[in-house]
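When reading the values below, keep in mind they use all heavy atoms of this one structure, side chains included, and skip hydrogens, waters and symmetry mates. Computed from a prediction, not measured in an experiment: that's the story for all the values here. Convention: sequence-line order gives letters A, B, ...; per-chain numbering from 1.
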Amino acid sequence: MIQALRGTRDILPEEVGYWQLIEATVREILSRAVYQEIRVPIFEQTALFERGIGEATDVVGKEMYTFSSRGDKSITLRPEGTAGVVRAYIQNKLHAQGGVQRLWYSGPMFRYERPQAGRQRQFHQVGLELLGCDAPRADVEVIALATDILRTLGLKNLELEINSVGNSQDRAQYREALISYLEPYQGDLDPDSQDRLTRNPLRILDSKDPKTQEIAQNAPKISENLSTESKKHFDLVLQLLTDLKIKYQINHCLVRGLDYYTHTAFEIKSDDLGAQATVCGGGRYDGLVKELGGPETQAVGWAIGMERLVLLLQQLESNLVNIPDMYIISRGEAAEAQGLILAQKLRNLGLRVELDLSSSAFGKQFKRADRSGAVACLILGDAEAQSNTVNLKWLASGEQQAITQSNLLDMVEELKLKIASLK
RNA sequence: GCGGGCGUAGCCAAGUGGUUAAGGCAGUGGUUUGUGGUACCACCAUUCGUGGGUUCAAGUCCCAUCGUCCGCCCCA
């Protein structure tokens, strides 16, 4: 048997309701903030990600699905959404429309990693980018929308962690300071961190190795090494979060894995996800648009991991499967035809209607009507077919009445109310 | 890429070298050929992820492989 590739999976009907709930919530909340959806390709030239995300990052260094297409172009399945959106922003000259662009996207992303709970090779993100604004209010708008979405979905026990990594000069200076602090301890660091000492020293800070953590504890903190301008930005972001009553935790060690972040970096985490605790991650990326060949443009954004959100939602909500309002059972040639017609008419009037296609004994069909979860049931046999009537039965009470088919259609609004009250 | 656990039906499982692979849920048929939710009965794995090997004998032991889960790493 041919099975799905490692790290990919099918989203089956019993799960898909959670996805639809998330998608509808995201769409609603973001459209209220006047964000526009953008759809970009899921593969791009490899160079886009190498330049955008950074050659030294793990994502680019070892996790990309890269292949060459017919001809010689190197192509990569997108490992994240921002680079592609920024490419589209530049290529389509969205910046020329002036002002701010508020965009959102969703879709599959690909990273070649060892799968575990909450981590796949093909996974899905919904993300948002606010381009063309450097105000701290933009950072906070974006964070507030993320927390709105998660709160509206009913999630609790989430923690917002935030940090500032400063502008590029701040980072360069801090990098030097960090290296000179860490160098004397080089031999005591875990092997991965030793490796990163020159390549990507900021990442050493959130190592989980106990000894490295101990050393990192007393390392200079980036938030204490910011320029006055960067510090002002960060302080204002924190102030505005407080004004909006959004709780946060400053995490001095929070350094995100993609190179393009500047100033604000944040993650929203949950304790209920095991090792892959981050549901939403994002931050400001003031240099990326220019780096990719566009005009100097400041921007902020985030991405939410759909699979992780679904995992959290499944712990809360149950039974999001599609259940019919009404189940139609019929037997006999004429009755079966009428049942089909009635099903279509009722559906067009807004009811969820499941039609039993079996032609089996009424007893069997009733049994299935029960199992379907429907509130009401329509019965059509030879007698009804002849008189153009139908028996309407309420499955919980057993109460049943004969009415003409045209009367049934006339009273649909009344039926909807009764069905809603019995659900 | 590294370390560890697991893999028996659609789902949950018993089984720890001796030959008819328990049980439950779900499903299908019947008791009940126009009235269900209960009850009872029957059916539902030539086979234990896959491929090799050891043995008189393998779901059970060994090797490989695939998948999955938990960590590391990384991130959504």
Side-chain angles (χ1 to χ4, degrees), chain A residues 1-9 12 14 53 57-64 78-82 106-127 146 190-193 195-196 200 203 206-210 212 254-258 265-270 273-282 301-312 327 329-332 335 356 358-374 376-385 391-400 402:
Chain A
M1 190 195 65
I2 295 175
Q3 35 185 344
L5 289 168
R6 157 173 279 199
T8 70
R9 55 187 216 98
L12 298 175
E14 59 181 38
I53 300 170
T57 60
D58 283 354
V59 169
V60 170
K62 53 184 201 195
E63 294 172 4
M64 293 208 300
R78 64 182 183 194
E80 57 99 52
T82 300
S106 72
M109 306 292 162
F110 305 85
R111 291 184 200 168
Y112 190 87
E113 294 186 275
R114 184 78 167 256
Q116 73 191 63
R119 192 173 84 182
Q120 280 107 240
R121 289 181 173 178
Q122 175 178 334
F123 61 102
H124 297 78
Q125 291 184 337
V126 45
D190 61 281
D192 280 328
S193 294
D195 218 44
R196 288 202 194 96
N200 200 353
R203 290 224 58 93
D206 62 358
S207 166
K208 275 168 200 151
D209 180 80
T212 303
L254 176 65
V255 179
R256 313 214 58 254
L258 314 182
F266 69 92
E267 291 186 359
I268 300 175
K269 295 183 171 177
S270 167
L273 281 174
Q276 312 303 325
T278 305
V279 201
C280 174
W302 49 247
I304 287 176
M306 289 287 285
E307 282 80 358
R308 292 182 189 175
L309 197 44
V310 168
L311 287 173
L312 291 175
Y327 193 95
I329 72 185
S330 56
R331 202 156 189 215
D356 194 305
S358 71
S359 304
S360 51
F362 276 117
K364 290 295 169 198
Q365 296 198 49
F366 272 108
K367 204 165 272 185
R368 278 189 223 105
D370 271 323
R371 302 257 159 106
S372 78
C377 172
L378 292 184
I379 305 127
L380 280 142
D382 295 334
E384 290 85 352
N391 267 298
L392 169 62
K393 182 165 188 172
W394 298 95
L395 286 165
S397 64
E399 178 195 339
Q400 179 174 323

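With hydrogens and angles ignored, the 3.5 Å screen pairs no side-chain donor or acceptor of R119(A) with any backbone N or O of G7(A). Panel note: side chain R308(A), backbone V279(A); no donor-acceptor pair is recorded below 3.5 Å.
When the nearest nucleotides of RNA chain B are assigned to A361(A) and G398(A) by heavy-atom distance, the more 5′-ward of the two goes with A361(A).
For the pair Q400(A) CD and G37(B) P, the interatomic distance rounds to 15 Å; values are reported in whole Å. Counting to the nearest Å, the C1' atom of C75(B) and the CZ atom of R121(A) are 15 Å from each other. Rounded to an integer number of Å, the gap from Y327(A) OH to G36(B) P is 15 Å. Rounded to whole angstrom, the span from the CD1 atom of I53(A) across to the P atom of C75(B) amounts to 11 Å. Rounding to whole angstrom units, CD of residue E307(A) and P of C69(B) are separated by 12 Å.
Here F362(A) does not lie in a stacked arrangement on the base of U35(B), lacking the combination of planes under 30° and ring centres under 5.5 Å apart.
Nucleotides A57(B) and A39(B), compared at atom C1', are 44 Å apart to the nearest Å.
Across every strand in view, U55(B) sits unpaired, with no contact that passes the Watson-Crick or G-U test at under 3.5 angstrom. Across all strands shown, A39(B) forms a Watson-Crick or G-U wobble pair, both distances under 3.5 Å, with U31(B). Under the Watson-Crick or G-U wobble criterion, with both distances below 3.5 Å, U50(B) is paired with A64(B). Nucleotide C72(B) forms a Watson-Crick or G-U wobble pair with G1(B), both donor-acceptor distances falling under 3.5 Å. C11(B) is paired with G24(B) under the Watson-Crick or G-U wobble criterion, all donor-acceptor distances under 3.5 Å. C44(B) is unpaired under the Watson-Crick or G-U wobble criterion, no partner having all donor-acceptor distances under 3.5 Å.
Between R6(A) and U68(B), a side-chain N or O to OP1/OP2 separation shorter than 4.0 Å is present. Close to U35(B), at under 4.0 Å from its OP1 or OP2, lies no side-chain N or O of Q365(A).
Looking at Q122(A) and T8(A), their side chains never bring a donor and an acceptor atom within 3.5 Å of each other.
The residue D58(A) sits close only to the backbone: its heavy atoms come under 4.0 Å of sugar-phosphate atoms, none of a base.
Counting only heavy atoms from C-beta on, K393(A) has its side chain closest to U35(B) among U35(B), C69(B), G71(B).
The side chain to side chain donor-acceptor pair (under 3.5 Å) check on E113(A) picks up nothing, with sequence neighbours excluded. A search for side chain to side chain donor-acceptor pair (under 3.5 Å) contacts involving D58(A) returns nothing, not counting sequence neighbours.
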Review item, nucleotides 1-3 of chain B N/O atoms under 3.5 Å of protein N/O:
unit_1 : atom_1 : unit_2  : atom_2 : d
C2(B)  : N4     : R114(A) : NH1    : 2.9

